[in-house]
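In this text the structure is predicted, and so the values were computed from the model without any measurement. Convention: sequence-line order gives letters A, B, ...; per-chain numbering from 1. Reckoned from all heavy atoms, side chains included, excluding hydrogens, waters and symmetry mates.
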Amino acid sequence: MATLKAVRGTRDLLPPETELWNRVEATARGVFARYGFGEIRTPMFEATELFARGVGEETDIVSKEMYTWEDGERFDDKAFSEAWTNVQLNEKKSVLEEAHLLTDKLRKLGVQRIIGRRNPEKPEFVCFRFKATSEAIETLNKAKLALQTDHDFKYSADADYFRRFGPGLRLVVPAGSPKPRFDTGEVEIEEFPGNFFKSAQSLTLRPENTAGVVRAYIEHKMADTGMLQKLFYVGPQFRRERPQRGRYRQFWQIGAEVIGPASSGSESAVRDAEVLEMLSALLDELGVKGWRLALNSVGSATDRPRYIAALREALEPVKAQMCEDNQRRAETNPLRVLDSKDPNDQEIINALPKIADYLDEDSREHFEQVKDALDACGVPYVVEPRLVRGLDYYTRTTFEFTVPDGSGLGTQNALLGGGRYDGLSEMLGGPKAPGIGFAIGEDRLILTLQAQAKEAVVTKLDAFIAPMGVGQNAAALLLAKELRAAGLTVEVGDGAFRLKKSFEVADKLARRIVIVGEDEVASGMFTVKFFGTGEQTKVLRGELAGVLGG
RNA sequence: GCGGCUAUAGUUCAGUGGCAGAACGCCGCUCUGUGGCAGCGGAUGUCGUGGGUUCGAAACCCACUAGCCGCCCCA
């Protein structure tokens, strides 16, 4: 059997790397706590509709990158019967009566439909669905006799329904239904037109977390508290993209949202500035070097369509001169043209209308207030009129933090992104609840920290306890228990090791070794060797924790 | 989804048609209560998978799969 591996775009995080992940998350939690954020944990999957409405049907994320499946699927017996009856009428064939005599019994077994007919020229048409039990197989074999076939029904462990029942027969399955699988033999599968499966719900692994947070905000009527809600989350997100440096199909985001009714001040520029100031503090505390905050305003829900219309108009006469990508973008998503890095098109792009000129008075004032507050707090930023974000819900303030080349991210230099979403709650059927949020790409953050760190700091244990002979194992474990209770990090060896091996292992893991031999246990004086200096002393049992704690 | 590069020991890689290799790591010994340094010895492989060419394939050809990098897009 081929070795099983983590599926494409997913990966295992192992020690010691997970130590850094924990440090990052602990730092983020600490910063969030200081700014008054509480943790929210939303489900890893949601109704597909949430993302379609929240993130936007036409975005790349929703249109091609989501993991979506039909949940609670069940066979629609009634639709199938009706469709089958029509086939019968159309083909003027009679249903084999004997098979139908068993129908009630089959149904009790969970078989939802078995239909057969005799025709000397054509093989039987049969469709059935059941949970296979030995009793079910027996009944089906009786049905087989009624159908006058020579083939046994067989149980196959790898399918839930549509069991194989022999070569030379035709198995009719509803069109679009999961194809049955067969362990042996040739079976002709004929699609029976029509959708006979009712889907209870279409579900999707979350491609981002903002929509889920806002859904929870609405569902739990958090607006009714009248208070500003400050929520953060840490968790995996899922997008079916081609994996690349700093991009995975299961990736981690650390994010936060500030949301509330307008009366709570959620719309205020103070909130935007506070979030940005918090992020600058977080990145500094984590030790991210050279980060750059790009800031823009994409205007209100009414500014944006006006600007897009103006952009389309301005692009119309010049787009033929632009690169292929930009010609396509000009049609599908004119805002994206602004993102283009194609050197030949820069002149044209710079001449395009600026979003700043299409902001209404409120949006412009709002943006000014955000900038003023950032200036006051000493948070450096660069206004980038061309910064547009891909998700439909963004309004007004949008931002992105990037790190310089050589920070381990390749061309994926965006560490985190976010913005304001004043209309999202209403788009999801909730009350008016303006908000602002961001998501940090944790995988990218880790890559950056690893690339920027001078060298990985190997944290060594305080002590390695080396029993001399298996007879000392218990005594060594007891000593380890005492030292661990005193808060020390300790590993215990094995008395079966030769002392030389104990030293080798100890030197890799710990800063000191404590030898537990007969002499030591008897005298209560333990031999301690410090690997750094090579110094070796004897220490009383009661003083060990103090000596090793330093 | 598109394009480029890659796939050989635990790891990093060498090996352009003729015995499966190096370094590091691992295990053992020198050294039965002393690590690092040194010397000596040892183990470790479906050469990514499947097919083809050939007397002979890790190498050449084809397909597939996976990884990396870039595009698109995004965190």
Side-chain angles (χ1 to χ4, degrees), chain A residues 1-11 55-56 58-65 206-210 235-255 279 323-326 328-329 332-333 335-336 339-342 387-391 394 399-403 409-419 437-448 464 466-469 472 493 495 497-520 526-536 538:
Chain A
M1 178 177 172
T3 50
L4 291 167
K5 302 195 295 190
V7 302
R8 176 166 229 200
T10 71
R11 57 186 180 146
V55 179
E58 301 306 317
T59 60
D60 278 14
I61 293 175
V62 172
S63 64
K64 60 187 194 197
E65 294 172 359
R206 63 186 188 196
E208 55 96 57
N209 216 335
T210 300
Q237 319 292 335
F238 307 85
R239 291 181 201 170
R240 198 180 179 291
E241 295 182 280
R242 186 95 167 231
Q244 205 182 311
R245 185 165 193 82
R247 167 185 294 174
Y248 304 93
R249 289 183 169 184
Q250 174 177 327
F251 61 103
W252 292 72
Q253 284 189 337
I254 301 174
L279 283 167
C323 72
E324 216 171 286
D325 276 344
N326 281 333
R328 180 177 45 74
R329 288 168 178 156
T332 59
N333 193 346
L335 287 176
R336 291 250 74 90
D339 262 353
S340 171
K341 285 147 204 145
D342 189 308
L387 176 69
V388 288
R389 314 238 81 245
L391 280 52
Y394 285 118
F399 57 87
E400 185 174 275
F401 281 74
T402 56
V403 286
L409 291 185
T411 53
Q412 311 292 325
N413 67 342
L415 205 56
L416 71 94
F438 63 85
I440 303 172
E442 191 175 2
D443 305 79
R444 293 182 182 181
L445 178 58
I446 297 280
L447 280 172
T448 300
F464 182 92
M468 299 276 309
Q472 302 303 330
F497 292 174
R498 288 171 302 101
L499 189 63
K500 177 180 168 61
K501 176 167 169 121
S502 288
F503 266 81
E504 285 168 355
V505 174
D507 191 26
K508 281 176 194 153
L509 292 178
R511 289 147 59 209
R512 305 90 163 201
I513 186 169
V514 179
I515 296 168
V516 179
E518 278 181 39
D519 298 350
E520 281 82 357
F526 289 86
T527 304
V528 177
K529 181 151 187 176
F530 298 78
F531 287 123
T533 58
E535 179 194 352
Q536 182 165 320
K538 293 226 166 196

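- For B:rC74 and B:rU6, the P atoms lie 31 Å apart once the distance is rounded to whole Å.
- We find that CD of A:Glu520 is positioned 9 Å from C1' of B:rG33, with the value rounded to whole Å.
- Looking at heavy-atom distances under 4.0 Å, A:Ala414 makes contact with sugar-phosphate atoms alone, never a base.
- For the P atom pair drawn from B:rG25 and B:rU12, the interatomic distance equals 15 Å after rounding to whole Å.
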Take A:Glu504 and A:Lys508, measure what salt bridge (charged side-chain N to carboxylate O under 4.0 Å, His left out) needs, and give me the verdict at the end. CA-CA 7 Å; A:Glu504 285 168 355; A:Lys508 281 176 194 153; over 6 Å; no

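- Between the P atom of B:rG33 and the NZ atom of A:Lys500 lies a distance of 13 Å, rounded to the nearest Å.
- Although no hydrogens or angles enter the test, the distance criterion places no donor-acceptor pair under 3.5 Å between the side chain of A:Arg242 and the main chain of A:Gly9.
- A:Gly255 comes within contact range of no nucleotide atom at all, as no heavy-atom separation falls under 4.0 Å.
- Heavy atoms of A:Glu400 sit nowhere under 4.0 angstrom from any nucleic acid atom.
- Residue A:Gln244 has a polar side-chain atom (N or O) positioned under 4.0 Å from OP1 or OP2 of B:rG70.
- Residue contacts for A:Ile513: at a heavy-atom cut-off of 4.0 Å it reaches no nucleic acid atom on any strand shown.
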Take A:Thr527 and A:Asp519, measure what side chain to side chain contact (heavy atoms under 4.5 Å, CB included) needs, and give me the verdict at the end. CA-CA 10 Å; A:Thr527 304; A:Asp519 298 350; over 6 Å; no

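- Within the 4.0 angstrom heavy-atom criterion, only backbone atoms of the sugar-phosphate kind lie near A:Gly417; the bases stay farther away.
- Considering only the side chain of A:Arg498, B:rC29 comes nearest among B:rA75, B:rU34, B:rC29.
- Among the heavy atoms of the strands lying under 4.0 Å from A:Glu241 is at least one base atom, whether or not backbone atoms are also near.
- Judged by distance alone, with hydrogens and angles left aside, A:Glu65 brings no side-chain donor or acceptor close enough to the base of B:rG1 to form a pair under 3.5 Å.
- The separation between A:Arg242 atom CZ and B:rC5 atom C1' is 12 Å, rounded to whole Å.
- The residue among A:Glu504 and A:Pro243 whose nearest nucleotide of RNA chain B lies closer to the 5′ end is A:Glu504.
- Rounded to whole Å, the separation between the C1' atoms of B:rA66 and B:rG28 comes to 37 Å.
- Closest approach to the A:Gln253 side chain among B:rA75, B:rG35, B:rC2 is made by B:rA75 (side chain taken as heavy atoms from C-beta onward).
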Before you tell me yes or no, could you show the steps for A:Glu518 and A:Gln472 under side chain to side chain contact (heavy atoms under 4.5 Å, CB included), namely the whole-Å CA-CA distance, both residues' side-chain angles and the distance that decides it to 0.1 Å? CA-CA 7 Å; A:Glu518 278 181 39; A:Gln472 302 303 330; 3.4 Å; yes

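- The partner of B:rU46, taking Watson-Crick or G-U wobble pairs whose two distances both stay under 3.5 Å, does not exist in any strand shown.
- Heavy atoms of A:Glu518 sit nowhere under 4.0 angstrom from any nucleic acid atom.
- Within 4.0 Å (heavy atoms only), A:Gly418 reaches no atom of the nucleic acid at all.
- In this structure, A:Arg8 reaches the B:rG67 phosphate: one of its side-chain N or O atoms is under 4.0 Å from OP1 or OP2.
- Positionally, the nearest nucleotide of RNA chain B for A:Ala6 lies more toward the 5' end than for the other of A:Lys64 and A:Ala6.
- Separating the P atom of B:rU32 from that of B:rA22 is a span of 30 Å, rounded to the nearest Å.
- For the P atom pair drawn from B:rC47 and B:rA57, the interatomic distance equals 12 Å after rounding to whole Å.
- Of the possible polar contacts, one joining the A:Arg444 side chain to the A:Ala414 backbone as a donor-acceptor pair under 3.5 Å is found.
- Across all strands shown, B:rU65 is found opposite B:rA7 as a Watson-Crick or G-U wobble partner, with both distances under 3.5 Å.
- Taking a pair to require two hydrogen-bonding distances under 3.5 Å in either a Watson-Crick or a G-U wobble arrangement, B:rG70 pairs with B:rC2.
- With hydrogens and angles ignored, the 3.5 Å screen pairs a side-chain donor or acceptor of A:Gln237 with a backbone N or O of A:Gly235.
- Backbone-only contact: A:Arg245 has heavy atoms under 4.0 Å from sugar-phosphate atoms and none from a base.
- For B:rA20, there is no paired base (Watson-Crick or G-U wobble, both distances below 3.5 Å).
- Within 4.0 Å (heavy atoms only), A:Thr527 reaches at least one base atom of the nucleic acid.
- Rounded to whole Å, atom C1' of B:rC74 lies 12 Å from atom CG of A:Leu387.
- For CD of A:Gln536, the number of neighbouring non-hydrogen atoms (other residues, nucleotides, ligands) closer than 6.0 Å is greater than 12.
- Base-pair partner of B:rC27: B:rG41 (Watson-Crick or G-U wobble, both distances under 3.5 Å).
- Between B:rA9 and B:rG21, the two P atoms lie 14 Å apart (nearest whole Å).
- Stacking is not found between A:Phe531 and the pyrimidine-like six-membered ring of the B:rG36 base under the 5.5 Å centre-distance and 30° plane-angle cut-offs.
- Side-chain nitrogen and oxygen atoms of A:Lys501 include none within less than 4.0 Å of the OP1 or OP2 phosphate oxygen of B:rC31.
- B:rG56 is unpaired under the Watson-Crick or G-U wobble criterion, no partner having all donor-acceptor distances under 3.5 Å.
- As rounded to whole Å, 20 Å separates atom C1' of B:rU34 from atom CZ of A:Arg511.
- In this model, a side-chain donor or acceptor of A:Arg247 finds a partner on the base of B:rC73 within 3.5 Å.
- Within 4.0 Å of A:Asp519, counting heavy atoms only, lies at least one base atom of the nucleic acid.
- Taking atom CG of residue A:Leu279 and atom P of nucleotide B:rA75, one finds them 14 Å apart after rounding to whole Å.
- Partner A:Asp443 forms a side-chain hydrogen bond (donor to acceptor under 3.5 Å, both in side chains) with one of A:Arg247, A:Gln250, A:Gln253, A:Arg11 and no other, that one being A:Arg11.
- At the phosphate of B:rG1, OP1 or OP2 sits under 4.0 Å from a side-chain N or O atom of A:Arg240.
- B:rU49 and B:rU65 have their P atoms separated by 15 Å, given to the nearest Å.
- Across all strands, A:Tyr248 comes closer than 4.0 Å to base atoms (heavy-atom distances).
- Between the CG atom of A:Leu335 and the P atom of B:rC74 there is a distance of 10 Å, rounded to whole Å.
- Under the 3.5 Å distance criterion, the side-chain polar atoms of A:Arg239 are matched with a main-chain donor or acceptor of A:Pro207.
- Rounded to the nearest Å, the gap between the P atom of B:rC62 and that of B:rA23 is 35 Å.
- With rounding to whole Å, A:Leu409 atom CG is found 17 Å from B:rC74 atom P.
- Counting non-hydrogen atoms under 4.0 angstrom, A:Gly469 reaches nothing in the nucleic acid.
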